[in-house]
Student: 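Pasting in a structure now, in structure tokens, and then I'll have a few things to ask.
Side chains are part of it too, since the values below use all heavy atoms of this structure and drop only hydrogens, waters and symmetry mates.
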Amino acid sequence: MLSKRSAAFFLKSLNSSQLSSEAIRNGFVGMVGRTPLVRLNKVSQETGQLKPGGTVVEGTAGNTGIGLAHMCFAMGYKCVIYMPNNQSQEKIEMLKLLGADVRPVPVVPWTDPDNYNHQAKRFAESIENAVWTNQFDNTANKRAHLETTGPEIWQETGGKVNAVVFGTGTGGTLGGVGTYLKEKNPKVQVYLADPQGSVLYNYFKHGKLERSEGSSIAEGIGQGRLTNNLKDTPIDDAFLIKDTDAVEMVFRLLHEEGFFVGASSGLNVVGAVQAAKLMGPGHTIVTCLCDTGQKYYGKLFSRKILEEKGLLEAVPLQYRSSLHG
């Protein structure tokens, strides 16, 4: 979607492995000698979804936006990010550093027309040469994990993976990886790890789109609906992960394993531990560390904020020396 090169049309059929810069002639004036392969420049340019200097728009809690901003910065596109105004200041500053136009908006549910995703869509439709990437329902997201992350896990475990556990925001990681691994081995267990305040735990356990009690310090995961990327994912079971457990794991990972991660990663590892306990010894459980602690330093590692949220006691006493403020 973001390629600066639009589709290229050629007047001679060759495999891509056969193409070379010497074999392609630029326009009519380059047609001398043997039968040439000619690139139709104007027609090829017209097929691009986004022309040079265009704008990429997304509604995001921050992390997908950071990836998009990186790409736009490198490829010469503008980037406009709509995000809930309760996200970490570190993510906002990183987006701005990468050249993004960041537009924090009030937190409202998906059903509200002023939800950050709907605002992003409307803005993209209101200007020329712009695309809304639609991370939640654009199934290229799921396909990327079906084609890359899933095969990587299968190959790196030698096909001996027994279960995968992921929290979900868009659902792309769990959807793509879960689908791929089930195709390779139907016995692989696919588990959802869901934070407090999300509807997904109750949906997969009880068939109801009802929010679990409370809210979560984790950003960018949990949902109020079933996204296209998560639909038809072969989920075997779901775990409801409490903030107290996720926060404890964040500090255990830092002090015991040397990983400086955010609450989403803590939640994933708690889910993996629950899966291991459920399945018993001798199984290979895979999850991912999907964020860095630096992006949440002002909130997740703040003694004051953790105390305000009733989470200070979740941090093991011997590890509280790493807190600030």
Side-chain angles (χ1 to χ4, degrees), residues 55-74 78-110 112 114-120 123 133 135-136 167-170 195-198 214-224 241 243-244 246-251 253-255 259-268 288-312 314-315 319-325:
T55 303
V56 175
V57 186
E58 182 58 287
T60 171
N63 289 327
T64 297
I66 290 169
L68 288 171
H70 265 289
M71 294 299 294
C72 290
F73 207 33
K78 303 180 187 71
C79 184
V80 177
I81 299 296
Y82 284 81
M83 64 190 303
N85 62 4
N86 63 348
Q87 303 302 292
S88 75
Q89 189 61 34
E90 289 90 342
K91 285 191 289 190
I92 294 173
E93 291 172 356
M94 186 176 293
L95 283 163
K96 290 180 176 179
L97 177 68
L98 293 168
D101 176 357
V102 183
R103 304 183 180 186
V105 297
V107 179
V108 293
W110 173 263
D112 191 307
D114 285 329
N115 176 273
Y116 66 101
N117 284 289
H118 303 322
Q119 291 198 50
F123 177 73
T133 48
Q135 61 166 321
F136 292 94
T168 69
T170 65
Q196 296 170 263
S198 172
S215 60
S216 180
I217 195 172
E219 298 182 9
I221 59 170
Q223 262 297 343
I241 310 299
D243 266 11
T244 50
V247 169
E248 178 189 14
M249 186 59 71
V250 164
F251 285 87
L253 289 170
L254 176 61
H255 289 270
F259 291 108
F260 183 34
V261 299
S264 298
S265 294
L267 177 141
N268 276 345
C288 68
L289 303 182
C290 53
D291 52 10
T292 67
Q294 182 59 43
K295 287 185 286 188
Y296 310 95
Y297 181 73
K299 180 188 295 186
L300 186 57
F301 295 86
S302 165
R303 179 183 297 271
K304 178 181 178 181
I305 290 178
L306 288 177
E307 194 164 24
E308 290 173 353
K309 292 181 175 293
L311 293 171
L312 180 60
V315 181
Y319 301 150
R320 294 181 195 174
S321 60
S322 56
L323 295 173
H324 66 86

Student: What I'd like to find out is whether the side chain of Met83 reaches to under 4.5 Å of the side chain of Val102, using heavy atoms alone.
Tutor: yes
Student: Parallel, tilted or perpendicular for Tyr319 and His255, by the 30°/60° rule?
Tutor: parallel
Student: CG of Leu95 to CD of Glu90: how many Å apart, nearest 0.5 Å?
Tutor: 12.0 Å
Student: State, with a plain yes or no, whether a side-chain heavy atom of Val261 is found less than 4.5 Å away from one of Met249.
Tutor: no
Student: Could you pull out the closest heavy-atom pair between Ser198 and Gly222, with the gap in Å?
Tutor: OG-CA, 3.5 Å
Student: Using a 4.5 Å cut-off on heavy atoms from C-beta on, say whether the side chain of Ile217 contacts that of Leu300.
Tutor: yes
Student: I want to check something: taking the side chain as every heavy atom from C-beta on, are His324 and Ser302 in contact at a cut-off of under 4.5 Å?
Tutor: yes
Student: Could you report the tightest heavy-atom contact between Arg103 and Tyr82, atom names first, then the distance?
Tutor: NH1-OH, 3.0 Å
Student: Is a donor on one side and an acceptor on the other found under 3.5 Å between the side chain of Gln135 and the backbone of Thr170?
Tutor: no
Student: For a side-chain hydrogen bond (donor to acceptor under 3.5 Å, both in side chains) check, start with the C-alpha distance between Glu58 and Thr133, then their side-chain angles and the critical distance, and finish with the verdict.
Tutor: CA-CA 6 Å; Glu58 182 58 287; Thr133 48; 2.8 Å; yes
Student: Of the non-hydrogen atoms in Gly266 and Val250, which two are nearest, and what is the gap between them?
Tutor: CA-CG2, 4.0 Å
Student: Sequence neighbours excluded, which residues qualify as ring-ring contact (aromatic ring centres under 6.0 Å, His included) partners of Phe251?
Tutor: Phe301
Student: Out of curiosity, Ser88 OG to Asp291 CG, how far, rounded to the nearest 0.5 Å?
Tutor: 10.0 Å
Student: Out of the candidates Lys295, Glu219, Gln87, Lys91, only one should pair with Asn63 under the side-chain hydrogen bond (donor to acceptor under 3.5 Å, both in side chains) rule; please name it.
Tutor: Lys295
Student: Kindly give the heavy-atom pair with the smallest separation between Val107 and Pro84, and that separation in Å.
Tutor: CG2-CB, 3.9 Å
Student: Looking at Ser265 and Cys290, would you say the former's side chain and the latter's main chain have a donor-acceptor pair under 3.5 Å?
Tutor: yes
Student: Find the distance between CG (Leu267) and CD1 (Ile221) and round it off to the nearest 0.5 Å.
Tutor: 4.5 Å
Student: Where is the tightest heavy-atom contact between Leu254 and Ser322, given as atom of each residue plus distance?
Tutor: CD2-OG, 4.2 Å
Student: Could you check whether any side-chain heavy atom of Cys79 comes within less than 4.5 Å of a side-chain heavy atom of Leu98, counting everything from C-beta outward?
Tutor: no
Student: Got a second to check how far Asp112's CG is from Gln119's CD, nearest 0.5 Å?
Tutor: 9.0 Å
Student: Once side-chain hydrogen bond (donor to acceptor under 3.5 Å, both in side chains) is applied, what residue pairs with a partner in residues 65-74 remain, sequence neighbours excluded?
Tutor: none
Student: Answer yes or no: is there a side-chain heavy-atom contact under 4.5 Å between Asn268 and Leu289?
Tutor: no
Student: To the nearest 0.5 angstrom, please state how far the CZ atom of Phe136 sits from the OG1 atom of Thr60.
Tutor: 6.5 Å
Student: Restricting to ring-ring contact (aromatic ring centres under 6.0 Å, His included), what partner residues turn up for Phe259, sequence neighbours left out?
Tutor: none
Student: I'd like to know if the side chain of Arg320 reaches the main chain of Val315, judged simply by a donor and an acceptor atom lying under 3.5 Å from each other, with no hydrogens or angles considered.
Tutor: yes
Student: Looking at CG of Asp101 and NZ of Lys78, how far apart are the two atoms once the value is rounded to the nearest 0.5 Å?
Tutor: 11.0 Å
Student: Are Leu311 and Thr244 packed together at the side-chain level, in the sense that at least one heavy-atom pair is separated by less than 4.5 angstrom?
Tutor: yes
